[in-house]
Amino acid sequence: MAEDTEAQAGTFEVPEYDAQAIETKWQKTWEDEELYKTDTDPAKPKKYVLEMFPYPSGDLHMGHARNYTIGDAMARQARMRGYDVLHPMGFDAFGLPAENAAIKHNTQAAKWTHQNIAQAVKTMKRMGFSYDYDRMFNTCDPEYYRWGQWMFIQMWKRGLAYRATSPVNWCPTCKTVLANEQVVEGRCWRCGSVPEKRNLSQWYLKITDYAQELLDDLDTLTGWPENVKAQQRNWIGRSEGAEIDFKLADLDGVTPTDRTITVFTTRADTLFGTSFMVLPPESALAAELVAGTQYEADYLKLKAATEKVSSVDRQGSAREKHGVFTGRYVVNPITGKPCPLWVADYVLLDYGTGAVMGVPCGDQRDFDFARKYHLPIPPIICQKDDPLYDRLKDERDLVVTDVDWDQAMAAEGYLVQSGEFTGLLGGKHSPAVAAIEGWLQEHGCGRPKVQFRLRDWLISRQRYWGNPIPMIHCDACGDVPVPEDQLPVMLPEDLDLGAGDTLAEYAPFYETTCPVCGRPAKRITDTMDTFTCSSWYYLRYCDPHNDQAPFSKEAVARWMPVDNYIGGIEHAILHLLYSRFWTKVLRDMGMVDVDEPFKNLLCQGMVKDENGDTMSKSKGNVVPPSSVIEPYGADTMRLAILFVAPPEKDFNWDPEAVAGANRFIKRAWRVVWLLAHDGVRGEVVPAELSKQGKDLWRQLNGLGIKCMQDYDRGQFNTAISACMELVNAASGYVNAPGGEEDAALRWRVAHDIVTMLAPICPHWSEELFHAALGLAGSAYNEPWPEFDADEAKSDEVEIAVQIKGKVRGHVMVAADASKEELEAAAKEAVAAQLEGKTIKKVIVVPGRLVNIVAI
RNA sequence: GCGGGCGUGGCGGAACUGGUAGACGCGCUGGAUUUAGGUUCCAGUGGGAGAAAUCCCGUGAAGGUUCGAGUCCUUUCGCCCGCACCA
């Protein structure tokens, strides 16, 4: 009988691995059978796996391929592990590139967009991604953007959407305003132009209402990478301090008036050191105070100069500060002394109160400014070992002119010349801060204040290809929302962008009547930032065909939050912060029950070229996915991408690594065929296996468990390496197989290899599942194999014998040896080296090592 | 300046809660198959010494805790990323 088996194995010819034929065949079958339709079995636990949807600017690139391969492996694995899986895909279809392409090629933005989408979908299908295409939508579909408009109106009703006039970032190239988040390193996030400051009437969403919660809830996001959370904390920029009221002095420069100017500071402890106050050039108050005075001309010059200097130049130059005196004074509330009121370009209008108390001793910027304009630098903080401390600690109001500093004092130190507070320890959150804030509050001229760096989200864009803001401006009634039964405000698709048509000048769009008074009125022609569209798309996937509401509460309750969200780090602030905000707003509207939309976040690393440079069309170093799919197939591509590095790390494209992945897939193909052809489906009885069969069985269980744990951790590279080890072991077995007694084992190992690799190489697995294993149905629906940790243990293990922590030998012992037996065996193994030494202590770690402490 | 992360062979990377550092792969070396190249298969591959058993050194550097440290603590050097005149 055994002879027969061997003879068969010898003559059996393994079919060739033809990736192209296999992949096209199964892709068609999967589509015909709707294999990836979302499960709806409430008895099962759910898993929502989502990859950040793409902007359809052309075909998919390597970054997309990596992103979606990671998500697909997660989704497939979850399904096989018994989860009800939601794994959708769609397109973030509004945006400037489509509009620019339409202008350039004299076509329509919609047409260009849909062509790109068609191509991208084709590539997604070619990659074998398991999306539920029935749930696919594009944000430019009226059925989708309708609800974005509806949500805007709900926010408007709640006071979370508003219109305001203020200095905004205007990109001269994109011809639209930008949100703060979209000005990256002082430049437009999309085109790199330096935005201008313009004073415009724009629409905002009140994200600042949620600043504290957005910050606090970051602590609950244990499944998010630290750097993303850090970036968001940074961006929200919470800072604890105090507001302090200074009275504006009368024209005599001494007598306090009724007008106050309030500053924000985190360093109330340095109040005694305030020698001037600064307003920003844009300040309306400053303009008013200098109007008609001798100081006005200089002020206007500074204001004009500041407007001209871009934010990039402001950072790039040596940061020289410019200022002018206003001719007026303010009164320091704690000393009663007058301080000159200046205007300077280093103060920001929109942070804090837009006014700063100048403390040159404690702040480098104030110090630089004081030096340049010869303002006093009163010492109010120093170290106890500084001779200055002894000189000043008991004196009051000493004018010190002989200090020889070239920079402000260290942030922490002891107060001097600070009245009753002299001697207290000063610094951020110091006793001195608390004491002086207490004094201010008691005297009614100050109060604690929490300040955020985060500004409201500017969402209006002066562009065509976006979701129209559903508002109407009526001269009589003001801004009124479009009635909800008239939604969506349809974006007209017959504009001739090539000829310069814009929404603002397109009468058929903007001409309307006021829904309140019925008189002629004008539609708002701004569209919404595309990030509004991507702020809730993950909710729509839960219920994509709903035409009564954006989604049903039940559907969202079933699937949210997203369990695994995968995408690029470039959205660390923009999309991920906006989506968190949007979710919280919808929660407060009673539409969703979750506080946070994304439970686990994975920011995949970049795919760079062979030299470590980012791939780009202009550099000509782009490796398109097709260059791998065509010669090797999608499965090799997927395997290579996941194996070469952990998902969150950048990696350099390496053709050798791809060839290696292809080598493995072919080797595994052969091994599976040989095992399966010679195996029989049935229960493995470990006790009856051949010797080499027992070894293989043990390894199967051990590696199966390791592989599963690695999948759970999202460590695909090591999950694959476990599969490789198993294939290596099986390959060794095939070269010297056991007999009939191993038939069930052979089949089982073949089956498990196919199953364990199914999330990564789905076509390869599906083909073997049917052709080699002779099974019906789909490998995608195959339950994950069960492994037994006990079966992974061998009877004997090799343990290390250490002397004082250094490995000095190895010894084979029974796996279930007692500590005493281990110790005895270890001592024997290194007896020679223990000679003449005294054993102080022996540490026994069963299954691993024995450490003998001997001197 | 503030915040986050990372330093392991020739390379990508393993080592999950301290327990035999370098799994797995790439590359390289030798061998088999082949007319040859390629493919495939077998063996080897951190550095140093040695014929070998074996020994010494090794996770950016220096200290520390521990029977034992890539892993924990302190200091330090280097690199990457984010924010930045935010008061």
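Labels below follow one simple rule: chain letters A, B, ... track the order of the sequence lines, proteins then strands, and each chain is numbered from 1.
Within 4.0 Å (heavy atoms only), E798(A) reaches at least one base atom of the nucleic acid. Within the 4.0 angstrom heavy-atom criterion, base atoms lie near V356(A). Across all strands, N728(A) comes closer than 4.0 Å only to sugar-phosphate atoms, never to a base (heavy-atom distances). Within the nucleic acid shown, D712(A) has no heavy atom closer than 4.0 Å to any nucleic acid atom. Counting any heavy atom pair closer than 4.0 Å across all strands shown, P646(A) reaches sugar-phosphate atoms only and no base atom.
When both distances must be under 3.5 Å, the Watson-Crick or G-U wobble mate of C2(B) is G82(B). In a base pair of the Watson-Crick type (N1 to N3 plus N6-O4 or O6-N4) or a G-U wobble (N1-O2 and O6-N3), with each distance short of 3.5 Å, G63(B) is matched with C73(B). G37(B): no Watson-Crick or G-U partner with both key distances under 3.5 Å is found in any strand. Using the Watson-Crick or G-U wobble rule with both distances under 3.5 Å, G10(B) pairs with C26(B).
At least one side-chain nitrogen or oxygen of K806(A) sits closer than 4.0 Å to the OP1 or OP2 atom of C57(B). Dashed line: the shortest gap from a side-chain N or O of K706(A) to OP1 or OP2 of C24(B) is not under 4.0 Å. A sub-4.0 Å separation between OP1 or OP2 of C85(B) and a side-chain N or O of R453(A) is absent. Taking only side-chain nitrogens and oxygens, K649(A) comes nearer than 4.0 Å to OP1 or OP2 of G13(B).
Looking at F246(A) and N332(A), their side chains come closer than 4.5 Å, going by heavy atoms from C-beta outward. Between R808(A) and V801(A), the closest side-chain pair of non-hydrogen atoms is not below 4.5 Å.
Classification of G9(B) as syn follows from a glycosidic angle within 90° of 0.
The distance from atom CD1 of I573(A) to atom C1' of G4(B) is 12 Å, rounded to the nearest whole Å. Spacing between atom CG of L642(A) and atom P of A14(B) amounts to 14 Å, rounded to whole angstrom units.
Annotation: cation-pi geometry satisfied between K321(A) and Y346(A) (NZ/CZ under 6.0 angstrom from ring centroid, within 45° of ring axis).
Between the side chains of Q212(A) and D216(A), at least one donor N or O lies within less than 3.5 Å of an accepting N or O.
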